[in-house]
**Q** 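For reference, the structure I am asking about is given below.
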Amino acid sequence: MSPLRRVPVLRGRGEEERALRRLLDGAETGAGGALLLVGAAGMGKTALLDNAAAHALPRFRVLRVSGVESESRLPYAGLHGLLRPVASSAASLPRAQAGALLAALESGTGAGGLALPAAVLALLSAVAADQPVLACVDDVHLLDSASRGVLAFAARRLSSEPVALLFAARDGDLDTVPARRPCRDRHDVPVREVCRELNDVPVRDACWELAGVPVRELAGLDAAAVRELAGDLAPGEVAEDLLAALDQVACGNPLALAELIDSLTPDQLAGLAAPPAAPPRDGRLWREHASRLAALPEAARRLTLLVAADPGLDAEMLIRAAAPASALTAVEPAERAGILRCTGDRYDFRDPAVRAVAYHGAPLVRRREAHRLLARLLSEPSPGYGARRLRLAWHRAYALDGPAAELADELAAAALTTRPPGGHPEPYLALERAGELTEPGNPAKAERLAAAARHAWVAGRPQVARSLLAGLRSPTAAPDELRGHVELLHGSLELLGGETGSAREELLSAAAWLLESHRMLGVRALVRAADASYRAGDNRAFIAIARQAAALRRPDETMAAQLMFEYLAGMASTFSGSHQEAAGPLRRVVELAGSVRDPAVLVWACVASMLLGEDDTAHRLSARAVEAARLRGAASALPQLLEYTIYPEIWMGRYASVAATAAQGLRLAQAAGQLNTAAQHLAWLAITAAVGGDQETCRMRADAAIDLAEAHGLGIAGAIGNWALSYLDLAAGRPADAANRLRGERRISNHVVIRVMSTPHLIEACARTGDRERAGSALRVFERWVGSTRSPGLRALVARCRALLAEPGEAEGLFQEALDLHGQAAYEFEAARTRLLYGSALRRDRRPGAARTHLHAALETFERHGARLWTEQARAELRASGEPVRPAPVVTTGQLTAQQLQIARMVAEGATNKEVAEQLFLSRRTVEHHLRNIFSRLGIRSRVELVRLMS
């Protein structure tokens with residue numbers, strides 16, 4: 001046996017590692033077993049076997065063998081490789097068994113019956129009598145069938161032996177596959193009938209010997225594990241959006257990701273060149289996939305190329321391309337080899353990485369032939385298909401089936417009229433190809449590449465957009481009439497992922513180019529420049545841009561343009577402190593929103609509604625904007641639109657919704673390289689952690705948001721992160737620390753909108769520390785804004801703040817007024833906060849009976865929301881009022897943090913660690929860490945006990 005190489009840290013395989021540990025632990029106590037790991041090439045099967053062997057040594061005797069295709073027809077070759085190191089122990093076996101084993105190992109012959117399988121089981125048991133045994137069989141699908149059958153026999157009988165047997169196989173090679181069926185004289189059968197028969201062919205097990213062995217399938221790594229692996233491979237070098245683009249190719253495959261990162265050029269790392277679209281040709285993964293494809297018959301390779309050339313190809317068209325007489329027999333080898341699989345009415349690649357190899361690995365002539373054939377089929381007037389204009393133009397363009405200029409015109413026209421985007425090909429790819437086919441010097445070339453960049457950005461492919469823009473930003477690359485479009489798009493990318501000051505300047509430059517020739521785009525550029533100032537917290541710059549816009553306004557503006565002008569005017573008045581003056585323009589923004597469908601414009605109406613205190617309207621408008629973006633396929637807009645969904649949810653105290661929205665927004669923002677948006681979602685997640693009392697998570701997320709804010713000039717994200725930390729201080733009974741944070745002495749944490757939103761917390765913190773002067777000053781500012789709104793929820797907060805600062809005898813009426821207004825707004829959580837403060841004031845006023853009513857109601861709400869720190873405050877107040885507080889429920893979940901409680905509930909409902917990690921946007925390792933702490937705190941040892949406890 002060759003020495004084991006050093007095992008690297010595995011990322012995203014916590015569940016599999018635990019399964020292997022359980023197997024080893026069982027074997028060590030005499031309750032062994034077997035496990036089959038199945039996954040695509042590069043998924044980490046061998047690494048897991050290495051990991052298990054490294055953890056088994058020196059306690060276990062480790063035996064290993066790997067299947068080799070050249071030995072797959074040599075009977076018992078695999079058994080020989082595995083058992084040769086311990087073959088001398090066969091002497092202790094009964095004579096019949098020893099003879100059968102030696103015959104198999106020495107000459108490859110085996111007696112029928114149980115003699116040989118029983119001998120292998122007895123040999124493993126005999127070796128394990130001195131030391132537990134771990135036997136690892138890699139690439140078991142390449143093992144000779146005789147060895148596989150004998151080892152499977154032993155694997156099914158290890159439950160009372162100190163032996164663990166691990167198998168690993170490539171996905172697809174052990175699955176059920178179509179049985180062969182002769183296909184003769186079928187030319188007269190309708191295509192639909194052949195298609196149906198192809199999908200309904202009986203199946204059999206391709207590797208029946210391993211039936212009964214438990215199977216664990218290795219899925220692709222989740223987003224958190226992908227980031228961790230990239231950090232191991234290239235610390236700090238791969239930007240989030242580039243990593244997301246690489247993972248779209250790798251699909252969570254660790255080897256694919258490693259090889260893609262290793263192949264990156266300096267321009268690709270810098271975002272000046274498009275990321276790779278396929279695994280590198282000199283990589284192990286490419287060679288393995290190419291070898292599997294090369295082993296297929298010619299007809300099967302032809303079909304795989306057709307499927308690779310058009311992912312939208314359905315089974316019926318595939319049969320038309322192959323001719324009905326040969327379709328059944330042509331597709332079967334690809335299925336049997338685990339390359340293609342039938343899903344619904346179409347065939348697809350089992351491993352997505354094989355598609356790129358099947359296409360790019362084929363000779364150019366063969367690719368052009370495939371495109372020409374597909375174009376001919378798409379142009380046929382057959383029932384149920386129609387013209388398929390974009391796909392037809394795409395295949396003609398790649399087949400070079402005509403003059404390049406005509407093909408480019410046809411493809412560009414089809415791409416620009418495709419609504420909504422999506423499917424194959426994506427419009428940005430079609431426009432890029434049209435640009436490539438357009439001769440240099442033709443103005444249409446730059447126009448098409450600019451349009452490709454815009455569509456790539458909308459589709460959530462920022463790396464592709466940046467690489468296309470990089471070639472258009474030089475003075476001679478694009479005509480003057482395109483300069484504004486290029487600057488607008490580049491500034492928009494910078495707004496979401498770069499430095500806000502740079503974004504503002506680029507967007508103002510774009511507005512100067514566009515206002516005369518493309519007025520609507522010019523106005524949009526101005527509003528985005530103002531948005532950059534808003535994100536930075538630079539009110540003066542925002543007001544200056546609003547004044548510039550006001551001077552440009554005309555009487556005949558479109559509805560959307562009117563909305564944008566009114567938005568700038570209303571926001572500028574708000575930032576100037578003229579809230580009553582702002583109300584008119586902001587209300588007109590909301591009124592105009594009914595006639596607007598553009599999601600980017602609708603969010604400004606959402607902001608206007610929020611500033612008017614109309615939370616329900618703001619929530620409805622934000623939801624409408626998100627839905628409109630999804631219908632348009634505008635993936636790049638979703639992370640930012642989800643930001644605006646959160647604002648009204650925060651006011652309404654819907655923290656569970658905030659957590660779900662922010663987690664989704666963070667995931668999408670990181671995938672799209674929108675670090676500025678990601679910072680804001682991180683900060684909102686810190687707020688929800690503070691509400692739940694999860695201090696560790698709150699600090700981690702707030703610090704990450706503040707770091708991004710300082711690097712990118714993001715006043716709003718920094719302010720939210722700072723607010724989260726102060727909220728945590730307030731909930732934990734540290735009002736002085738909360739007040740110090742909320743004073744906002746650093747510019748990055750002094751954003752005016754967030755300062756106003758956090759004012760009730762500042763007033764509460766100052767009132768509890770005796771700083772009445774600062775609290776009164778903050779209250780006067782808050783009152784001026786709330787006075788310009790019609791919101792009962794905001795007026796409730798004003799009444800609560802007044803009650804905290806009121807003279808003795810006046811507070812009770814104000815607290816009651818606040819509770820009445822909370823009830824009108826149906827803001828349950830804030831009502832509970834008011835009841836806690838009210839009950840505390842009544843207790844200090846020596847009215848414990850009245851206090852208990854409010855404190856009990858607050859406690860019930862806090863417990864229902866999982867707000868641990870607020871629950872502790874309510875319990876403490878009840879005890880101080882002389883009330884014997886009921887003990888925590890028998891289910892001791894009160895000992896858990898809010899996040900631990902959420903994880904425990906999800907796990908108890910059947911969620912896997914991966915599913916929990918994806919929903920809460922944590923790494924699997926963090927979830928595993930939380931689960932260990934949950935089990936420890938609850939005094940349990942398994943998920944079964946957790947289910948029983950939680951139910």
**Q** Salt-bridge test for Glu298 and Arg301: reply yes if a basic N is under 4.0 Å from a carboxylate O, no otherwise.
**A**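 Counted as a salt bridge, because a side-chain N and a carboxylate O are separated by less than 4.0 Å.
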**Q** Determine, step by step, whether Arg519 and Asp556 satisfy the salt bridge (Lys or Arg N to Asp or Glu O under 4.0 Å) criterion, reporting the C-alpha distance in whole Å, the side-chain angles of both residues, the deciding distance to 0.1 Å, and the verdict.
**A** CA-CA 12 Å; Arg519 180 172 176 76; Asp556 59 344; over 6 Å; no
**Q** Please determine whether the number of non-hydrogen atoms from other residues, nucleotides or ligands lying under 6.0 Å from atom CE of Met520 exceeds 12.
**A**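 Correct, the count exceeds 12.
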**Q** Do Asp348 and Pro311 have side-chain heavy atoms sitting under 4.5 Å apart?
**A**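 Asp348 does not reach Pro311 side chain to side chain.
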**Q** With side chains defined as the heavy atoms from C-beta onward, is the minimum distance between Ser492 and Arg528 less than 4.5 Å?
**A**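 In contact.
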**Q** Go through it in stages, so that I can follow the logic: the residues are Thr304 and Val354, the test is side chain to side chain contact (heavy atoms under 4.5 Å, CB included), and I'd like the CA-CA distance, side-chain angles, deciding distance and then a yes or no.
**A** CA-CA 10 Å; Thr304 59; Val354 182; over 6 Å; no
**Q** Locate the shortest heavy-atom distance separating Gly484 from Leu514; write the atom from each residue and the value.
**A**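 Between these two residues, the closest heavy atoms are O-CD1, 3.7 Å.
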**Q** Please report the interatomic distance CG(Asp409) to CG(Leu437), rounded to the nearest 0.5 Å.
**A**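 With rounding to 0.5 Å, CG (Asp409) is 10.0 Å from CG (Leu437).
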**Q** Arg483 and Val486: side chain to side chain contact (heavy atoms under 4.5 Å, CB included), yes or no, with the steps?
**A** CA-CA 5 Å; Arg483 185 75 54 210; Val486 172; 5.5 Å; no
**Q** Between Asp351 and Arg292, does at least one N-O distance fall below 4.0 Å, as a salt bridge requires?
**A**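 Here Asp351 does not pair with Arg292 in a salt bridge, since their nearest N and O are not under 4.0 Å apart.
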**Q** For Glu439 and Lys445: C-alpha separation, side-chain torsions, deciding distance, then whether side chain to side chain contact (heavy atoms under 4.5 Å, CB included) applies.
**A** CA-CA 7 Å; Glu439 61 182 11; Lys445 186 178 187 72; over 6 Å; no
**Q** Are the charged groups of Asp247 and Arg227 less than 4.0 angstrom apart, N to O?
**A**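 Salt bridge flag = no for Arg227 with Asp247.
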**Q** Around Arg366, counting heavy atoms of other residues, nucleotides and ligands shown, do more than 12 lie under 6.0 Å from its CZ?
**A**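 No, the 6.0 Å shell around CZ holds no more than 12 heavy atoms from other groups.
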**Q** Given side chains that start at C-beta, do those of Arg454 and His485 come closer than 4.5 Å, heavy atoms only?
**A**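 No, side chains not in contact.
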**Q** Relative to Tyr398, does Arg367 satisfy both conditions: NZ or CZ under 6.0 angstrom from the six-membered ring centre, and within 45 degrees of the ring's axis?
**A**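 Arg367 over Tyr398 ring: no.
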**Q** Can you name the nearest heavy-atom pair linking Pro275 to Gln268, along with the distance?
**A**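 Closest approach of Pro275 to Gln268, heavy atoms only: C-NE2, 3.8 Å.
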**Q** Drop me the distance from Ile261's CD1 to Leu246's CG, to the nearest 0.5 angstrom.
**A**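 With rounding to 0.5 Å, CD1 (Ile261) is 6.0 Å from CG (Leu246).
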**Q** Looking only at non-hydrogen atoms, find the nearest pair between Ala629 and Ala637 and report the distance.
**A**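 In terms of heavy atoms, the two residues are closest at CB-CB, 4.4 Å.
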**Q** Does a side chain donor of either Thr417 or Arg389 reach within less than 3.5 Å of an acceptor in the other side chain?
**A**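 Arg389 and Thr417 do have a side-chain donor-acceptor pair below 3.5 Å.
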**Q** Taking the side chain as everything from C-beta on, heavy atoms only, tell me whether Gln674 gets closer than 4.5 Å to Leu668.
**A**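 Answer no - side chains too far apart.
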**Q** Are more than 12 heavy atoms from other residues, nucleotides or ligands located less than 6.0 Å from atom CZ of Arg284?
**A**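 Open.
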**Q** Does the plane of the ring in His395 sit parallel, tilted or perpendicular to the ring in His371? Use 30° and 60° as the thresholds.
**A**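 The rings of His395 and His371 sit tilted, inter-plane angle from 30° to 60°.
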**Q** Check whether any side-chain N or O of Asn253 sits under 3.5 Å from a backbone N or O of Gly220 as a donor-acceptor pair, and report yes or no.
**A**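 No, because the side chain of Asn253 does not come within donor-acceptor range (under 3.5 Å) of the backbone of Gly220.
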**Q** Go through the steps for Glu288 and Leu255 under the test side chain to side chain contact (heavy atoms under 4.5 Å, CB included), then give the verdict.
**A** CA-CA 12 Å; Glu288 178 160 347; Leu255 178 59; over 6 Å; no
**Q** Ring centroids only, cut at 6.0 angstrom: are His360 and Trp286 within range, meaning strictly under it?
**A**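 No, they do not, as the ring centres are separated by 6.0 Å or more.
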**Q** Between Glu436 and Arg433, does a salt bridge (Lys or Arg N to Asp or Glu O under 4.0 Å) hold up when you go through it step by step?
**A** CA-CA 5 Å; Glu436 293 169 354; Arg433 176 62 175 166; 3.4 Å; yes
**Q** What do the steps show when you test Asp401 against Arg368 for salt bridge (Lys or Arg N to Asp or Glu O under 4.0 Å), and what is the final call?
**A** CA-CA 9 Å; Asp401 193 14; Arg368 288 181 61 183; over 6 Å; no
**Q** I'd like to check Leu449 versus Leu431 (side-chain heavy atoms, cut-off strictly below 4.5 Å). Are they in contact?
**A**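 No, side chains not in contact.
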**Q** Would you mind checking if Arg554 and Glu557 are paired as a salt bridge, meaning a charged N to carboxylate O distance below 4.0 Å?
**A**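 No.
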